[in-house]
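All remarks here apply to the structure that follows.
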Amino acid sequence: MTASTSEIRIPDFVGGEKKNLIGGAWVPAASGKTIDVVNPATGQAVAAIAAGGADDVDRAVKAARAAFEGEWSTWTPHERRKLILRVHDIVLENFEELAAVETLDMGAPLARTRGLKEWTSQVLQFYATQTGLAGSAAPAQNSLPGDFLSLKYLAPVGVVGGVIPWNGPLIGLWWIFGPALATGCTAVLKPAEDASLSVLRVAELMQEAGVPDGVVNVVTGYGAEAGAALAAHDDVDRIAFTGSVGTAQEIVKASAGNLKRLQLELGGKSPDIVFADADLDKAVPGAAMGVFTNSGQVCVAGTRILVERSIHDEFVRRLGEFAKTVRVGDGLDPDSQLGPLISARQLDRVLEYIDIGSGEAELVSGGGRLGGDKADGYYVEPTVFANADNDMRIAREEIFGPVATVIPFDTVEEAIAIANDTQYGLAGGVWTQNVGTAHKVSQALRAGTIWVNCYGVLDPSIGFGGTKRSGYGWKGGREHVEGYLYPKAVYLNLD
Ligand code: NAP
Ligand code: MG
């Protein structure tokens, strides 16, 4: 583990009791209840958030509805673009603070949270380019007899409810707020109770940037209370959800009342396929960090590493060596590459899977809690299992921890078959120097994103999404913005 954290200043924002942002006002939960905010590097509470429930969600949805129908609806695309760029500037000016808040709240090292600055800039600039879509009319080819002008507009859907997980709130919040601001929708966001602080700080900064009251609302609280209330609320037009399959199934049911539009970004067990002709100097660290990044708490993590049998042993040896060099420690230490897992619950879950894996496959590296049972933080060693089979539980179930499962294969066809033998379809990787193999495998994988000789890069102007049980809907890119709009036909009789 890495050690010193002394030179990092703890932001003043971390501490005390945080409130919800509803209609431009910061208010406690109607129940008066709070939830402790725990720093996973120490297991200590560092602040408290409001335990919002159905009453708070209802107030926030009313505020969002009023804003949607009020002055915000008169803002021009140009005004919304300028607003997004002001949000961009303020958020970037305060990014050092935001990175530290995120690190303290959910554990990811500063090396990662600081690194999100450039991506945040790109994502906000992308949404700033998209403000012209809402209200735009596509020239429709008129095939009606008579003298008609037929127009097809794109109109904002209304109030969007966002529900995001704890593994990257500083990423997830822009997938809700970005398209809302771009299209003239309004939003109520329910962050994960394990990681809400950075979202609350961003909401303050958005107020400073001039986002009108009610356009952006944040209600913190438990998923089963605040999240479920948002998913069931009759005046929410769309739910944008990121999280697990089980919660998505609850949301689908809860959304039936008013037939909400849904966007569901769920889990994965993504294959990362390494062919014998791959450049192993790139493939070993690339595939390793494809699993270990953010301590494996990444939806697109390439957790099943499929390796051509002729290089399996060499690859595994090098992967194991690499895993031992990864620096795990308090996220506030700038030298840490990986931080702790989010919570004691997640630690138990990952250690249980490591136990299961030890009975199924060959443990090559890692396999334990760092610092032992007496450690304060929730640290797990980067772990590698080899000679695994795709039927094993560690190859089928999403672990959401730094655990790589290496599976050997013999032919391109077999690699494709193993890769697609999963209930998920979020992402996949291919490492080869043969362009034909790269192309063939990319085409054959049933997943929303394929990386060739790289892993995990994400261009906000292209976006990403899943198929199968990884969900539906697309985040980023033009399709994402269109999801916040509905088509509307207007026929003008010119006679
Ligand atoms: P989760 O339990 O589904 O939680 C996600 C969010 O849903 C949290 O805000 C949670 O609130 C809330 N929630 C829980 N129950 C709810 C309900 N009945 N109704 C409405 N909302 C509810 O997922 P997680 O375990 O925190 O996150 C890990 C999962 O997210 C993994 O499966 C991962 O693959 C997936 N993920 C997917 C993507 C992607 O883009 N595809 C990105 C990141 C993560 P509380 O936590 O406060 O209870
Ligand atoms: Mg926390």
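One-based numbering, in listed order, for ligands and for the atoms of each.
Contacts between L266 and ligand 1 below 4.0 angstrom, taking non-hydrogen atoms only, involve the backbone exclusively. When heavy-atom distances to ligand 1 are checked against a 4.0 Å cut-off, Q297 has no atom that comes that close, whether in backbone or side chain. Only the side chain of V163 comes within contact range of ligand 1, with a heavy atom under 4.0 Å; no backbone atom does. The proximity of S244 to ligand 1, defined as any non-hydrogen pair under 4.0 Å, involves the side chain as well as the backbone. At a 4.0 Å heavy-atom cut-off, ligand 1 touches N167 through the side chain alone.
Salt bridge D58/K62: present, at least one basic N to carboxylate O contact under 4.0 Å. Under the 4.0 Å criterion applied to side-chain N and carboxylate O atoms, K269 and E397 are not assigned as salt-bridge partners.
Between S343, G223, G268, it is G223 that holds the heavy atom closest to atom 17 (C) of ligand 1. Looking at Y222, F464, F400, Y424 and measuring to atom 28 (C) of ligand 1, the nearest heavy atom belongs to F400.
Residues W166 and F400 place their aromatic rings such that the two centres sit under 6.0 Å apart.
In terms of N/O distances under 3.5 Å, ligand 1 is approached by E193.
Within a 6.0 Å sphere centred on CZ of R446, heavy atoms belonging to other residues, nucleotides or ligands number 12 at most.
Residue M106 forms a side chain to side chain contact (heavy atoms under 4.5 Å, CB included) with just one option from N294, L341, N39, D194, and that option is N294.
The atoms of ligand 1 that sit less than 4.0 Å from any heavy atom of G221 are 47 (O).
Between the side chain of S336 and the main chain of G339, no donor-acceptor pair closer than 3.5 Å is present.
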